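Working notes for the structure below.
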Amino acid sequence: MSTSVVVTLVQSSNIGRNVRRMMSEEMLTKIRRVLLYIAFLIIATSIAYVIAYPLGYSPLGYDVIDTNGDTVVLQSFNILGVEDEKVTYQPEEDEEWRAGLLTDLVGYLQQEYFFFFTTLLVGMFWGVLDFIRKKSWVRVVLQFGLLFIVPAVSLNKHLNDIKEILQNYSI
């Protein structure tokens, strides 16, 4: 009987080691997956930063060319990000503060594009991963839309604020 007790104890300790080994393999797989996501987030953020700041790619956006007192000269861009036309802004006498507001709004436009491009790249990555995992295309599109809607609405509002100022007081 003492032999069966020893065999039982050895078997139970082997089962415990196997369970611990499987748990650690599962944990390693999860850690690798999390590290892959973090690495992609860093890459996507870096690419979006290069697109928005050093390259200055801003489709349908603006850039400040010159400021003389209350007059602000802007360069507008078309949907491809190519220079479109120059816009001169001259506020009315009592509303000189709008020139400063316009300059600030155009200055913050790069930040809006940075968030927009980062979300676009991350959404595309997760969409591709979900397609590889054979998830429903409806779910993939819905998730991408929910992820993408906040920066898209924010960028659109920012561009509309700039256009509203320009439409009311452009020369």
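We count residues from 1, following the sequence as given. As the structure is a computational prediction, the values presented were derived from the model and not from experiment.
- A chain of hydrophobic side-chain contacts below 4.5 Å, direct or via other Ile, Leu, Val, Met, Phe, Trp or Tyr residues, connects L101 to V64.
- Heavy atoms from other residues, nucleotides or ligands lying under 6.0 Å from CG of L55 number more than 12.
- Note: the hydrophobic cluster containing I51 also contains F148 (ILVMFWY, side chain heavy atoms under 4.5 Å, direct or indirect links).
- Closest approach of Y57 to L80, counting heavy atoms only: CE1-O, 3.1 Å.
- Under a hydrophobic-cluster definition in which Ile, Leu, Val, Met, Phe, Trp and Tyr are linked whenever side-chain heavy atoms come within less than 4.5 Å, directly or via other members, M124 and F117 are assigned to the same cluster.
- For the residue pair S58 / Q110, no side-chain donor-acceptor distance below 3.5 Å is found, with atom types taken as modelled.
- Inspection of the E85 and S76 side chains reveals no N or O donor paired with an N or O acceptor under 3.5 Å.
- In terms of heavy-atom proximity, I65 sits nearest to L74 at CD1-C, 4.1 Å.
- Between F125 and D130 there is no side-chain heavy-atom pair separated by less than 4.5 Å.
- One N or O on the side chain of T103 and one on the backbone of A99 form a donor-acceptor pair closer than 3.5 Å.
- Between the side chain of N78 and the backbone N or O of G81 there is at least one donor-acceptor pair closer than 3.5 Å.
- For Y53 against Q111, the heavy-atom pair with the smallest separation is OH-CA, 3.4 Å.
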Exercise. Check the pair F144 / L120 against side-chain contact (heavy atoms from CB on, under 4.5 Å), numbers first and verdict last.
Key: CA-CA 9 Å; F144 179 75; L120 180 69; 4.0 Å; yes
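- Residue L41 places its CG atom among more than 12 non-hydrogen atoms of other residues, nucleotides or ligands, all under 6.0 Å distant.
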Quiz item: Under the side-chain contact (heavy atoms from CB on, under 4.5 Å) criterion, do Y89 and T71 qualify, and how do the steps go?
Solution: CA-CA 6 Å; Y89 173 74; T71 304; over 6 Å; no
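- D161 pairs by the salt bridge (charged side-chain N to carboxylate O under 4.0 Å, His left out) definition with K157, not counting sequence neighbours.
- Under the 4.5 Å side-chain heavy-atom criterion for ILVMFWY residues, a single connected hydrophobic cluster contains both V72 and L166.
- A heavy-atom distance below 4.5 Å is not found between the side chains of P151 and L155.
- Y49 and F114 have perpendicular rings, their planes meeting at more than 60° on a 0 to 90° scale where under 30° would count as parallel.
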Practice problem: Could you walk me through whether V153 and V150 pass side-chain contact (heavy atoms from CB on, under 4.5 Å), step by step? | Solution: CA-CA 5 Å; V153 168; V150 172; over 6 Å; no
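- When the side chains of ILVMFWY residues are joined at heavy-atom separations under 4.5 Å, either directly or via intervening members, L146 and V138 end up in two distinct hydrophobic clusters.
- Other residues, nucleotides and ligands contribute at most 12 non-hydrogen atoms within 6.0 Å of the CG atom of D94.
- Taking both residues in full, the closest heavy atoms of Q75 and D84 are given as NE2-N, 3.4 Å, listed atom of the first, atom of the second, then distance.
- In terms of heavy atoms, L159 sits closest to L60 at CD2-O, 3.4 Å.
- Using a 4.5 Å cut-off on side-chain heavy atoms (C-beta onward), S154 and F116 make no contact.
- Distance alone, capped at 3.5 Å, places no donor-acceptor pair between the H158 side chain and the E112 backbone.
- Residues I165 and L105 are in side-chain contact: their nearest non-hydrogen atoms beyond the backbone lie under 4.5 Å apart.
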Quiz prompt | Working for side-chain contact (heavy atoms from CB on, under 4.5 Å), residues W126 and Y37 | solution = CA-CA 9 Å; W126 279 334; Y37 286 147; 3.7 Å; yes
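- Residue-environment remark: CZ (R133) exceeds the threshold of 12 foreign heavy atoms within 6.0 Å.
- Between F131 and W137, the closest side-chain pair of non-hydrogen atoms falls below 4.5 Å.
- Closest non-hydrogen pair, L109 versus Y62, comes out as CD2-N, 3.4 Å.
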